[in-house]
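Comments concern the structure below.
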Amino acid sequence: MKSRKGKFLNIARFVSVLLPAYLISCNSANDRATGLIGAGSSFVYPLFSTMFSEYHNQYRVQVNYQSIGSGGGILQLTNKTIDFGASDAPVNEEQEKNLEVPVLHVPVCIGATVISYNIPGVKDTLNLSPKVLADIFLGKIKRWNDPSLKKDNPGISLPNQMITLVHRSDGSGTSFIFTDYLAKVSNEWKERVGRGTAVNWPAGLGGKGNEGVAGLIKHSPGSIGYVELSYALENKMGVARIKNLSGRYIAPTISSIAAAADIELPADAKASITQTPAPEGYPLSSFSWALIYKEQKYKGRSRQKAEELLRLLWWCTHEGQQYNEPLHYAPLHGQALKVTEKILQSATYDGQPISALINK
């Protein structure tokens with residue numbers, strides 16, 4: 001499994017070099033369409049890089065995806081400069097007003113935001129309870145040997161060192177997942193900071209994208225921050241266990257991430273699964289969504305382009321799910337997959353259902 005995981009992560013890095021914007025206008029005669037453009041979540045970028053590379057190998061369709069953060073993806077979708085956005089936070093009321101027309105949320109995976117840290121001399125896995133985690137990011141716990149941290153981690157020698165906080169500087173679905181969780185477990189956080197893709201952080205350093213946050217944590221002794229799971233594992237960073245509602249300290253694994261999503265999903269798939277009630281569930285889990293306009297006839301858009309987009313997303317949510325687990329995302333299953341299929345089948349072109357979702 002380790003070599004397979006390394007293979008897919010190497011593909012993701014390789015694709016990030018080979019998919020600049022010029023590919024969209026330079027398709028070969030063998031390519032089936034003029035290409036598709038997406039932008040948004042860096043949380044899901046490792047998975048999309050692999051999926052889109054494999055999809056091109058099979059169907060000769062170029063997909064250029066820009067990892068600019070969920071907020072940027074929603075903005076570009078609003079401006080109609082891309083075919084699809086990607087976000088780890090559902091579109092909010094203000095964004096819906098700017099979009100003016102309905103947008104579909106298409107689940108593509110279940111992922112995890114993890115708490116990563118760089119504590120010199122500490123090789124043990126850190127345990128973090130909800131209140132301690134909130135108090136750290138509120139700036140109330142300032143040193144690693146604070147009694148509250150020592151209570152969560154008996155037997156671990158924590159240094160008398162200042163804690164350096166690291167957070168996202170850009171609009172981010174990863175930030176939404178983390179702040180959504182903190183707002184659920186801490187009334188003080190909810191009142192002082194709140195939840196959102198961008199918030200006024202009480203303290204800390206800002207990094208752009210999951211890549212930037214991971215880099216800051218890795219090179220800043222005494223630091224703690226939050227990133228998508230695959231970024232932490234690829235960079236061999238420490239990842240904390242988080243105490244869930246059942247009182248268990250849970251590590252982010254495929255099984256614990258999948259368990260968090262074992263809930264009744266609404267028809268629009270806009271569900272928060274942070275602080276899941278599932279006994280084995282990891283409490284910082286979330287769906288990640290591709291965002292598309294429900295009505296695909298806009299801005300001179302052809303029916304061919306609309307069908308190509310729907311075929312891509314159908315593939316990503318079906319055949320493409322085989323790439324989730326090697327890159328540390330839980331695949332869609334059960335009710336989540338059924339809801340996803342109905343959402344894709346609800347897309348229209350000129351008011352009529354879009355056909356040929358499966359036939360390539």
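Heavy atoms only: backbone and side chains are in, while hydrogens, waters and symmetry mates are out. Numbers for residues simply follow the sequence, beginning at 1. Computed from a predicted structure; not experimentally measured.
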Do [X] and [Y] touch side chain to side chain, with heavy atoms closer than 4.5 Å?
X: Thr274; Y: Phe176; answer: no
X: Pro159; Y: Ile119; answer: yes
X: His318; Y: Leu337; answer: yes

Between Glu308 and Arg311, is there a side-chain N and carboxylate O pair less than 4.0 Å apart?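 Salt bridge: yes.
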Any salt bridge between Arg195 and Asp180, counting N to O under 4.0 Å?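 Salt bridge: yes.
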Apply the test side-chain contact (heavy atoms from CB on, under 4.5 Å) to residues Phe52 and Cys316: give CA-CA distance (whole Å), side-chain angles for both, the deciding distance (0.1 Å), then the verdict. CA-CA 9 Å; Phe52 298 157; Cys316 287; 3.9 Å; yes
Could you tell me how the ring of His167 sits relative to the ring of Trp201: parallel (under 30°), tilted (30 to 60°) or perpendicular (over 60°)?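 His167 vs Trp201 ring planes: parallel.
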Check the pair Leu344 / Glu341 against side-chain contact (heavy atoms from CB on, under 4.5 Å), numbers first and verdict last. CA-CA 5 Å; Leu344 285 169; Glu341 290 177 345; 5.9 Å; no
Under a 3.5 Å threshold, yes or no: a donor from one side chain and an acceptor from the other, between [X] and [Y]?
X: Tyr226; Y: Ser175; answer: yes
X: Asn98; Y: Thr78; answer: no
X: His328; Y: Glu228; answer: no

Run the side-chain contact (heavy atoms from CB on, under 4.5 Å) check on Val227 and Val166 step by step: do they pass? CA-CA 10 Å; Val227 293; Val166 183; over 6 Å; no
How far does [atom1] of [X] sit from [atom2] of [Y], to the nearest 0.5 angstrom?
X: Leu291; Y: Leu99; atom1: CG; atom2: CG; result: 8.5 Å
X: Thr276; Y: Tyr282; atom1: OG1; atom2: OH; result: 12.5 Å
X: Ile136; Y: Ile163; atom1: CD1; atom2: CD1; result: 5.0 Å
X: Lys151; Y: Asn127; atom1: NZ; atom2: CG; result: 13.5 Å
X: Leu104; Y: Thr340; atom1: CG; atom2: OG1; result: 11.0 Å
X: Asn118; Y: Leu216; atom1: CG; atom2: CG; result: 11.0 Å

Please enumerate all residues that pass side chain to side chain contact (heavy atoms under 4.5 Å, CB included) together with Asn160, with sequence neighbours excluded.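 Asn160 satisfies side chain to side chain contact (heavy atoms under 4.5 Å, CB included) with Arg143, Asn145 once adjacent residues are dropped.
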Sole candidate of Asn244, Thr125, Asp152 that passes side-chain hydrogen bond (donor to acceptor under 3.5 Å, both in side chains) when paired with Tyr249: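 Among the candidates, only Asp152 passes.
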With Ser42, which of Thr174, Asn210, Asp170, Asp88 fulfils side-chain hydrogen bond (donor to acceptor under 3.5 Å, both in side chains)?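 With Ser42 as partner, Thr174, Asn210, Asp170, Asp88 yield a single side-chain hydrogen bond (donor to acceptor under 3.5 Å, both in side chains), made by Asn210.
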Near [X] [atom1], under 6.0 Å, is it more than 12 heavy atoms from other residues, nucleotides or ligands?
X: Lys184; atom1: NZ; result: yes
X: Lys270; atom1: NZ; result: yes
X: Lys80; atom1: NZ; result: yes
X: Asn200; atom1: CG; result: no

With Lys131 via side chain to side chain donor-acceptor pair (under 3.5 Å) - residues at least two apart: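 Scan of Lys131 (side chain to side chain donor-acceptor pair (under 3.5 Å), adjacent residues dropped) gives Asp135.
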Determine whether Tyr329 and Leu312 fall in the same hydrophobic cluster, where Ile, Leu, Val, Met, Phe, Trp and Tyr are linked whenever their side-chain heavy atoms lie under 4.5 Å apart.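 Looking at the clustering, Leu312 is in the same group as Tyr329.
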Determine, stepwise, if the pair Thr113 / Ser286 fulfils side-chain contact (heavy atoms from CB on, under 4.5 Å). CA-CA 8 Å; Thr113 293; Ser286 176; over 6 Å; no
For residues 272-299, pull every pair meeting salt bridge (charged side-chain N to carboxylate O under 4.0 Å, His left out), keeping only residues two or more places apart or in separate chains.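 Qualifying pairs, neighbours excluded: Arg248-Glu280, Lys297-Asp350.
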Would you mind telling me which of Phe48, Tyr65, Tyr323, Trp315 makes a ring-ring contact (aromatic ring centres under 6.0 Å, His included) with Tyr55?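 Result for ring-ring contact (aromatic ring centres under 6.0 Å, His included) with Tyr55: Trp315.
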